[in-house]
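The shown structure was predicted, so the numbers you read here are calculated from the model rather than taken from an experiment. Chain identifiers are assigned alphabetically (A, B, ...) following the order of the sequence lines, protein sequences preceding nucleic acid strands; residue numbering begins at 1 within each chain. Keep in mind that the numbers below use all heavy atoms, side chains included, and drop hydrogens, waters and symmetry copies.
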Number of protein chains: 2
Amino acid sequence: MRLSKRERQKKLQLALEHEPFLTDEEMARRYGVSIQTIRLDRMELGIPELRGRIKHMAEKNFDHVRSLYPEEVIGQVTELKLDHSAVSELEIREEHVFARHQIARGHHLFAQANSLAVAVVDAELVLTATASIRFVRPVKLGEKCVAKAKVTQVSPSRTQVDVQTYVMDETVFQGIFDVYRSKEDQ
Amino acid sequence: MRLSKRERQKKLQLALEHEPFLTDEEMARRYGVSIQTIRLDRMELGIPELRGRIKHMAEKNFDHVRSLYPEEVIGQVTELKLDHSAVSELEIREEHVFARHQIARGHHLFAQANSLAVAVVDAELVLTATASIRFVRPVKLGEKCVAKAKVTQVSPSRTQVDVQTYVMDETVFQGIFDVYRSKEDQ
DNA sequence: TACTGAATTAGTACTTGGTACTAACACGTG
DNA sequence: CACGTGTTAGTACCAAGTACTAATTCAGTA
């Protein structure tokens, strides 16, 4: 057996997200299995056929052109005191969650916190150096995450920022960010 | 004659711009002509068939939407051994960097590593619990980040995954992920 | 009115990328 | 040995076409 069934299916799923234009034939060739096996895999994974996938993509972008474009800060900044504190809000939408169980992917919470930590520091060049983070509880579709950043330490080239993210008054995420700052301190 | 040939062709062309998902059959029905007439019209106007049109639309928007859309794994998975190791590649593009100095935002590197750490674990429900990360050196526009994940510890409900990300053979990011895993391990 | 050329329709064979289904085989394990 | 899982093979069928040939219709004119 070249690959276990689970591995093949996982790879298949991932490959299709990246290259949705693959035919069953091409996938069968890639994994060295028969076309029927690929079809069975798609069935089990609930992946529609090539034309369905293509059509879905085309439709999706045709009528509602989503503009979730590279934002400077992930989420909406509601408070900002440079080198002191900041707050941002992020509502968890479809594009943030795992389709299966509607739980937000960790890196979106991280992105909200990280970009806020970077934004609160007043310098030309600000980069995250290290971070220690904790996902306290899963966040679900529709919940609003309020991230609160506080600057806790400042040294010549580093700033430490603590971020706590809440849903209502429950903590869902904690992070300590050690942020590098260029000397042209503005 | 219901409509002159010229009129029909003009209408057809305009209709397709607005509703590119029409089949020849549907158009034939609408204009009260045979399917062959519609096909001849498309030939003369140089309009490709339905599938070609759909595919073209999907392709056009694919590159654009790709980086913004919920991918299971950020970057392209090149190796995957479930519960053992995995590798993914991510090329740093415009949308990943700070416009000012062309340095990648930390959360994209995090996202690549985090999603890989989650993907390598073989379970129904996998969530990041905690992580300790370090951005070793800034990554610039155009660089290709290769993230290598290794499972280092497995306990009943947790898996520890270490991720190192390289540009060429230089480490740019390190992360230790403690990942929660649901018991329905199969 | 008959004729002609353009326009239209009809019909066949073939293609792609599948679905849906049935049957057979391979093999690892109790 | 039988059993189940996984895999492969093969058939009939489908949508939405292409490519091609042939027949029919129609409009305007000699």
Side-chain angles (χ1 to χ4, degrees), chain A residues 1-63, chain B residues 1-62 79-84 119 121-124 183-186:
Chain A
M1 211 185 290
R2 301 131 281 233
L3 272 172
S4 81
K5 186 181 177 181
R6 279 184 86 84
E7 278 184 331
R8 175 169 28 82
Q9 292 193 344
K10 194 133 195 176
K11 279 203 172 188
L12 199 144
Q13 193 161 32
L14 297 175
L16 281 180
E17 270 160 38
H18 214 263
E19 301 171 82
F21 296 79
L22 294 175
T23 62
D24 288 358
E25 198 177 2
E26 170 62 14
M27 294 186 280
R29 206 193 51 68
R30 286 199 188 181
Y31 301 118
V33 294
S34 75
I35 224 172
Q36 283 80 354
T37 301
I38 296 294
R39 311 236 225 245
L40 284 172
D41 287 346
R42 279 200 296 102
M43 307 277 121
E44 286 180 24
L45 298 170
I47 296 172
E49 58 162 313
L50 172 62
R51 282 144 169 161
R53 298 194 303 267
I54 288 179
K55 190 170 180 194
H56 185 73
M57 292 180 56
E59 274 169 343
K60 209 165 52 188
N61 310 334
F62 183 61
D63 34 40
Chain B
M1 210 185 288
R2 303 134 278 231
L3 272 171
S4 82
K5 186 182 176 180
R6 285 182 82 83
E7 276 182 335
R8 175 169 28 83
Q9 292 194 344
K10 194 130 199 174
K11 281 202 169 187
L12 199 144
Q13 196 158 30
L14 297 174
L16 281 180
E17 268 163 42
H18 210 263
E19 301 170 82
F21 296 78
L22 295 174
T23 62
D24 289 357
E25 199 178 1
E26 170 61 16
M27 294 187 282
R29 208 193 47 72
R30 286 198 188 182
Y31 302 118
V33 295
S34 75
I35 225 172
Q36 283 80 355
T37 301
I38 297 293
R39 311 239 224 242
L40 285 171
D41 286 346
R42 278 200 298 101
M43 306 276 122
E44 287 180 24
L45 297 170
I47 296 171
E49 59 162 313
L50 171 62
R51 282 140 168 169
R53 298 194 303 268
I54 289 180
K55 191 172 180 191
H56 185 74
M57 291 179 57
E59 273 168 344
K60 211 169 50 188
N61 303 325
F62 182 58
E79 282 182 44
L80 180 67
K81 284 187 215 147
L82 286 173
D83 286 333
H84 183 267
V121 176
D122 183 18
E124 261 299 300
K183 51 245 139 255
E184 316 109 72
D185 201 354
Q186 170 58 279

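- Nucleic acid contact class of A:Arg8 (heavy atoms, under 4.0 Å, all strands): sugar-phosphate only.
- For the pair B:His56 NE2 and D:dG17 C1', the interatomic distance rounds to 19 Å; values are reported in whole Å.
- Atoms NZ (A:Lys55) and P (C:dG18) sit 15 Å apart, rounded to a whole Å.
- The main-chain N or O of A:Phe21 is never found under 3.5 Å from a side-chain atom of B:Lys55 such that the two would form a donor-acceptor pair.
- The closest side-chain heavy-atom distance from A:Arg8 to A:Lys5 is below 4.5 Å.
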Which is it for A:Ile54 and B:Arg51 under the side-chain contact (heavy atoms from CB on, under 4.5 Å) test, yes or no, and what are the steps along the way? CA-CA 9 Å; A:Ile54 288 179; B:Arg51 282 140 168 169; over 6 Å; no
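- Other residues, nucleotides and ligands place more than 12 heavy atoms under 6.0 Å from the CD atom of A:Glu19.
- Contacts of residues 39-52 of chain B with DNA chain C (heavy atom under 4.0 Å): B:Leu40.
- For B:Arg29, the side-chain hydrogen bond (donor to acceptor under 3.5 Å, both in side chains) test picks out B:Glu26, with sequence neighbours left out.
- In this structure, CD1 of B:Ile38 is placed 16 Å from C1' of D:dT18, rounded to the nearest angstrom.
- Taking atom CD of A:Glu26 as the reference point, atom P of C:dT16 lies 15 Å away to the nearest angstrom.
- Contact annotation: side chain of A:Gln36 to base of D:dG10, donor-acceptor pair present below 3.5 Å.
- Each end of the helix from C:dT1-D:dA30 to C:dG30-D:dC1 gets its own axis from five base pairs, and the two axes differ in direction by 30°, given to 10 degrees.
- In terms of modelled atom types and a separation under 3.5 Å, the side chain of A:Glu7 and the main chain of B:Leu82 share a donor-acceptor contact.
- Although no hydrogens or angles enter the test, the distance criterion places no donor-acceptor pair under 3.5 Å between the side chain of A:Asp24 and the main chain of A:Ile38.
- Residues B:Leu80 and B:Ala119 come closest through the heavy atom pair CD1-O, 4.3 Å.
- For the pair B:Glu25 CD and C:dA10 C1', the computed distance is 15 Å after rounding to whole Å.
- The side chain of A:Thr37 places no N or O atom within less than 4.0 Å of a non-bridging phosphate oxygen (OP1 or OP2) of D:dT7.
- A:Arg53 places a side-chain N or O within 3.5 Å of a backbone atom of A:Leu22 that can act as its donor or acceptor partner.
- Between B:Ile54 atom CD1 and C:dG17 atom P there is a gap of 14 Å when expressed in whole angstrom units.
- Atom OH in A:Tyr31 sits roughly 17 Å away from atom C1' in D:dT7 (whole-Å rounding).
- Remark: P of D:dT5 and CZ of A:Arg6 are 15 Å apart, rounded to the nearest angstrom.
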